[in-house]
Protein chains: 2
Amino acid sequence: MSTIKDVARRAGVSLGTASRVLSGSASTSPESRAKVQAAAAELGYITHGPARSLRRSRTDVLGLLVSDIRNPFFSELAHAAESEAMKRGYTVLLANANEDEVQADEYLRIFASQRVDGLLLSPQGPVTPRLAALLASRLPVVLLNRSVEGLDAPLYATDNAQGVGLVLDWLERRGHRDVAFVGGPVTISTGAERQAAYIAGREAHGISTDDAFVDAGDFLAEGAAAAMIRILDRGVIPTAVFGANGPTTLGALRGLRERLGVEAASRIEVISFDDLEWFEFVSPPITSVRNDAAAIGRLGVAGLIDLIEGREAVSARIAMSLVDRSLMSGPLVDRPQTGHRVP
Amino acid sequence: MSTIKDVARRAGVSLGTASRVLSGSASTSPESRAKVQAAAAELGYITHGPARSLRRSRTDVLGLLVSDIRNPFFSELAHAAESEAMKRGYTVLLANANEDEVQADEYLRIFASQRVDGLLLSPQGPVTPRLAALLASRLPVVLLNRSVEGLDAPLYATDNAQGVGLVLDWLERRGHRDVAFVGGPVTISTGAERQAAYIAGREAHGISTDDAFVDAGDFLAEGAAAAMIRILDRGVIPTAVFGANGPTTLGALRGLRERLGVEAASRIEVISFDDLEWFEFVSPPITSVRNDAAAIGRLGVAGLIDLIEGREAVSARIAMSLVDRSLMSGPLVDRPQTGHRVP
DNA sequence: CTGTTAGCGCATTCAG
DNA sequence: CTGAATGCGCTAACAG
């Protein structure tokens, strides 16, 4: 690999001039510019990132720590964040915590070691000592979708209360009273907020307040299936199920089918926080409130760059929209009608 | 941020000794070790990655360039690669080409600039000049799932011919003659290999050789839906559809429903290359051949590290397995029976 | 506008 | 086993 020294020698200019041309930092004569650029092209010169970072004490790298890259919500978010960052001259170092606090902490160490210029964080739990140390070092941080106590950073997140409101309205319109709620960990802000909004609003929407209908998993399919089964094993039969995120809805569906069989399960309507591409294919189709993951990713990157470059960054809540697929199938005729207010 | 110099001063040893302790490179006295480690812990010292990389002329970073991070095949692969790399002391820099050659090339530049120690590549097309330059610089490279002409690197890939064989056997057992094939770009090795194996094997499995049943998209849902619609618009009605990767199957389903309606579409069986988590919920359930993305990711990382550390790396083809969901639904009774050999 | 020089933080040499 | 010295490749400060 050729260095800037090689380029300078070949172009017949000094090291400094070559550097100035290649990084465009100061004005240079047209002749120098031409000579240096030609030499660089001939040699296939590519800046040595680590050396440049060492000298400038910045890396132009952003760390992005997501909870679960296999959750389409996060893979879409990551994708949007990455292209926004690239457009603005930054590279994203993506890490996957796999909903695991220990792994998250390990990646924070790597980010710190790589000296990322800023951090996009979707936290797993409370503020760990390592995270506290990063914050103390005044590393710019923004939060994605999940907040955490004692961490005062701009937050780019789904409007959970508004989204749950859409769900409650829909449940009421469809005449559901016996609704199972499969939530996520209440230790995660999204889990807590969605559950709280649901519990607070259900009575006003004519939904049973029997807590036998409520359980929570881990925001992954497997834990959600177990939660769904726990609900059913209490002897209640819901007419609708509300899954608190994408993987949770997947797990809830599996749980329903495992306990009730395909036939009986297909008589239960499902609504999901987070829209997945396959909901239209299930019978009956699954309705959802859609979470604009791409917007969150883009806004997060923009906000983080604002912080890095010394500007203000303001939090934003992203509104959700209802994707009502119940129209496709009409009212569920085989549903037990006891106690239902049919729309 | 404290530097190794601060640690040395605080521990009352020289810079060299602190470095030796912290990187474990040479033997040190127990006392020095204790003092240095204590000082490092007190200061919250974290190695400056760029400086270390500059000095050692290696970064312990692997570049992973995937075609489409929102394709679950790749997000699972990326996840597995990342955790395998972490286990072995490497960090993965993930980039998403979005099935776009230009973007892929841009990321190759970033990888080169960051001086990654090796490259895991799922190529989009032919060898670009930039990729050629990287290869010429003797950067260790392994290929994931897709090969490319003129690039002699270890390949960790699905056994496409074997997978298509499983599909053909299943189609024959189910008595399908009029089978639509929705493929991917033949400019991508997986697209070409899968299509070639299907075309070559169909006659021996009693499947129509009418090429009206064959079309190809772009390995994304939208292009596949268009291809499916082109097939149907030729006036043929298949009894089964074979989608050449996950997003393709999704698109094919959408195309079927758009042209035929839900009812008629549900009388067509679908089989897919790549298994998706929701196939069990579709009616009838979608059968698939499963691609072990995690294995490919792990093997790729292991192979790449072998190359980096001067060992041999041998290519591997990963066998696919049939996930037969037709058992769940039994033979399709409403299917037109003309010309079918019923199993 | 350009050449020279210093030094970012670290690992590694060479003496001792 | 340890300390002192060197330089990885680059940018920025300075003097011209």
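Only heavy atoms go into these numbers, but all of them, side chains included; no hydrogens, no water, no symmetry mates. Just so it is clear: chains get the letters A, B, ... in the order the sequence lines come, proteins before strands, and each one is counted from 1.
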Whole Å only: how far is the CZ atom of R9(B) from the P atom of dA4(D)?
13 Å
Whole-Å distance separating the CD1 atom of I46(A) from the C1' atom of dG9(D)
15 Å
V13(B) has a side chain; which of dG3(D), dC8(D), dC10(D) sits nearest to it?
dG3(D)
List every contact pair, protein side and nucleotides 13-16 of chain C side both N or O, where the distance is under 3.5 Å.
residue: dT13(C); atom: O4; partner: R20(B); partner atom: NH1; Å: 3.1

Is it the case that the side chain of N291(B) and the backbone of A293(B) share a donor-acceptor pair, with hydrogens and angles ignored and the cut-off at 3.5 Å?
no
Separation of dT11(D) atom P from D60(A) atom CG, nearest Å, is 11 Å
Could you check whether atom CD of E309(B) has more than 12 heavy atoms from other residues, nucleotides or ligands sitting under 6.0 Å from it?
yes
Per S29(B) side chain, nearest of listed nucleotides dT12(C), dT2(C), dC1(D)
dC1(D)
Those residues of residues 30-42 of chain A lying under 4.0 Å from DNA chain D by at least one heavy atom
none
Regarding T59(B) and R115(B), do their side chains bring together a donor and an acceptor under 3.5 Å, going by distance alone?
no
Look at the side-chain N and O atoms of S14(A) and state whether any lies under 4.0 Å from the OP1 or OP2 oxygen of dT4(C).
no
For residues K5(B) and L15(B), determine if any side-chain heavy atom of one lies less than 4.5 Å from a side-chain heavy atom of the other.
yes
Which nucleotide in the list dT11(D), dC10(C), dG9(C) gets nearest to the side chain of L54(B)?
dG9(C)
Toward the 5' end of DNA chain D, which comes first, A18(B) or A51(B), by nearest nucleotide?
A18(B)
Nucleotide nearest R56(A) when distance is taken to its side chain, options dT11(D), dC10(C), dG3(D):
dT11(D)
Spell out, as yes or no, whether a donor-acceptor pair under 3.5 Å connects the side chain of R317(B) to the backbone of T158(B).
yes
Looking at R311(A), I'd like to know if its CZ atom is crowded, meaning that more than 12 non-hydrogen atoms belonging to other residues, nucleotides or ligands lie closer than 6.0 Å.
yes
Whole angstrom value for the distance that separates P of dC8(C) from NZ of K5(B)
6 Å
Between P of dG7(C) and CD1 of I4(B), the distance in whole Å:
19 Å
Assign S57(B) to base, sugar-phosphate, or nothing according to its heavy-atom contacts below 4.0 angstrom with the strands shown.
nothing
Taking Y45(B) for its side chain and M1(B) for its backbone only, find out whether a donor-acceptor pair lies under 3.5 Å.
no
For a 4.5 angstrom cut-off between non-hydrogen side-chain atoms, does L304(A) reach Y90(A)?
no
When you compare the side chain of T28(B) with that of V13(B), does any pair of heavy atoms fall below 4.5 Å?
no
If each end axis of the helix from dC1(C)-dG16(D) to dG16(C)-dC1(D) is fitted on five C1' pair positions, the angle between them, to 10 degrees, is 40°
Assess whether a salt bridge exists between E84(B) and R88(B), defined as any Lys/Arg side-chain N lying under 4.0 Å from an Asp/Glu carboxylate O.
yes
With the side chain defined as heavy atoms from C-beta on, R55(A) is closest, among dA4(D), dC10(C), dT11(D), to dT11(D)
Does dA11(C) have OP1 or OP2 sitting under 4.0 Å from an N or O in the side chain of S19(B)?
yes
Specify the separation, in whole Å, of atom NE2 of H48(B) and atom P of dA11(C).
12 Å
Rounding to an integer number of Å, can you tell me how far L22(B) CG sits from dT2(D) C1'?
15 Å
Send over the distance from L15(B) CG to dT2(D) P, rounded to a whole Å.
14 Å
Has N96(A) got a side-chain atom pairing as donor or acceptor with I69(A)'s backbone, closer than 3.5 angstrom?
yes
Going by atom types only, do R146(B) and S67(B) share a side-chain donor-acceptor pair under 3.5 Å?
yes
